[in-house]
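Since the structure comes first, as structure tokens, the remarks are kept for the end.
Starting from 1, each residue takes its place in the sequence as its number. First listed ligand is number 1; within each ligand, the first listed atom is number 1.
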Amino acid sequence: MADVPLLTQASVALAQAKRIVCLTGAGISAESGVATFRAAQSGLWARFDPQRLASQAGFAADPGLVWRWYMARLASVEAAVPNPGHLALVALERVAPAFTLVTQNVDDLHERAGSRQLWHVHGQISQFHCNRCHAPHALQPDERTHAEPPICRSCGGHIRPGVVWFGEGLPSVALDAAWRAAEACEVMLVVGTSGVVYPVAELPQVAQAAGAVVIDVNPQHNPIAARADFFLQGAAEVVLPQVIEQMRAQGQ
Ligand code: BV8
Ligand code: ZN
């Protein structure tokens, strides 16, 4: 189908699929104003390496700096609203016979858009627990502006966000569900990820090895696009609504 635009071909594959998995990264939230993970951190964060801040070593070295970084990111997530890219995935979930959304994002924009079948494989920035005894912690309004993380009432440890740091294991229930869905799907739609963080970056290969078609949506070429069956170069908030439009035009 050389003369048929890639977007149409990808839409046909999605329309014919019984089981669809969608893997998202920070790029789908970019248009909503949530900074992507690897883009140069803005303002006062520009001189820090996010990979260092998002680690036990970074937290141990300067708990206050890491706490303030997460409080700033939490504020930007809460100020953001879902964009047409998030909403297009909700529309896709409603027409697909079986749909699983796997997100690396720690924001709640997919939930706020209306996505239901959703797994957070890197945790959620709006949840908190003790870094030492893992007791859950409900963030108090005044703690958002504290220079240091709150202290656990049970053991005196530091409170931290419920996200997966580098060097930490992923939540096993979410990761197993993501892996099983990737092995069983007919199409995997990958949106807005640089495809460099493991083990999640392996999911498109797992899907393809099991016979699935992989579609990558990203303005930039990336390791997943290089192996994908379809690389739809563009922004999620532009491309995903076009894909839904094409599927509707095909009577989906
Ligand atoms: C682990 C939460 C072991 C924190 C994050 C091989 C196997 C296993 C591990 C490793 C391995 N090799 C190396 C490792 C270690 C490491 C790793 O992968 N390192 C990389 C950097 C080499 N992995 C780990 O440490 C993982 N843990 O394996 O532990 C273990 C096992 C058992 C028991 C104990 C230990 C943990 C990884 C999770 C780290 N936490 N996030 C937080 O958010 O603060 S990861 C972080 O990067 C983000 O949260 C995100 O989840 C992830 C990927 O980033 P992206 O989402 O892709 O965002 P990025 O900014 O990179 O790119 C944005 C993309 O969007 C770009 O491509 C851009 O072009 C595109 N874009 C921009 N605008 C748009 C757009 N796309 C569409 N539309 C637009 N408008
Ligand atoms: Zn504790």
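Taking the Zn ion (ligand 2) as the corner point, the angle from Cys133 atom SG to Cys155 atom SG is about 120° (rounded to 10 degrees).
Residue Val197 touches ligand 1 through backbone and side chain together, judged by heavy-atom distances below 4.0 Å. Heavy atoms of Glu168 found under 4.0 angstrom from ligand 1 belong exclusively to the backbone. Contact annotation: for Ala236 versus ligand 1, heavy atoms closer than 4.0 Å belong to both the backbone and the side chain. Under 4.0 Å from ligand 1, the heavy atoms of Val196 that appear belong solely to its backbone.
Without hydrogens or angle criteria, His120 side chain to Asn105 main chain gives a donor-acceptor distance under 3.5 Å. Judged by distance alone, with hydrogens and angles left aside, the side-chain atoms of Glu186 form no donor-acceptor pair with the main-chain N or O of Val213 at under 3.5 Å. The closest donor-acceptor contact from the side chain of Arg112 to the backbone of Ala80 lies under 3.5 Å. For the pair Glu31 (side chain) and Val238 (backbone), a donor-acceptor distance under 3.5 Å is absent.
Cys152 lies close to the Zn ion (ligand 2), since one of its N, O or S atoms is found at a distance under 2.8 Å.
Below 4.0 Å from some heavy atom of Ala26 lie the following atoms of ligand 1, by number and element: 55 (P), 56 (O), 58 (O). Every atom of ligand 1 with a heavy atom of Ser194 under 4.0 Å away is listed here by number and element: 57 (O), 59 (P), 61 (O), 62 (O), 64 (C), 67 (O).
In terms of N/O distances under 3.5 Å, ligand 1 is approached by Asn218.
Judged by a 6.0 Å distance limit and a 45° cone about the ring axis, Arg160 is positioned over the six-membered ring of Trp165.
Between Phe128 and His137, the ring-plane angle classifies as perpendicular under the 30° and 60° cut-offs. Using the six-membered ring where Trp is involved, Phe37 and Phe166 have ring planes that are tilted, between 30° and 60° apart.
Here atom 4 (C) of ligand 1 lies nearest to Val164 when heavy atoms of Val239, Val106, Thr193, Val164 are compared. Between the choices Arg73, Gln104, Gln51, the shortest heavy-atom distance to atom 53 (C) of ligand 1 belongs to Gln104. Of the candidates Gly169, Pro50, Ser32, the one placing a heavy atom closest to atom 32 (C) of ligand 1 is Gly169.
Between Asp142 and the choices Arg144, Gln140, His146, the side chain to side chain donor-acceptor pair (under 3.5 Å) rule is met once, by His146.
Under a 4.0 Å heavy-atom criterion, Glu237 is in contact with ligand 1.
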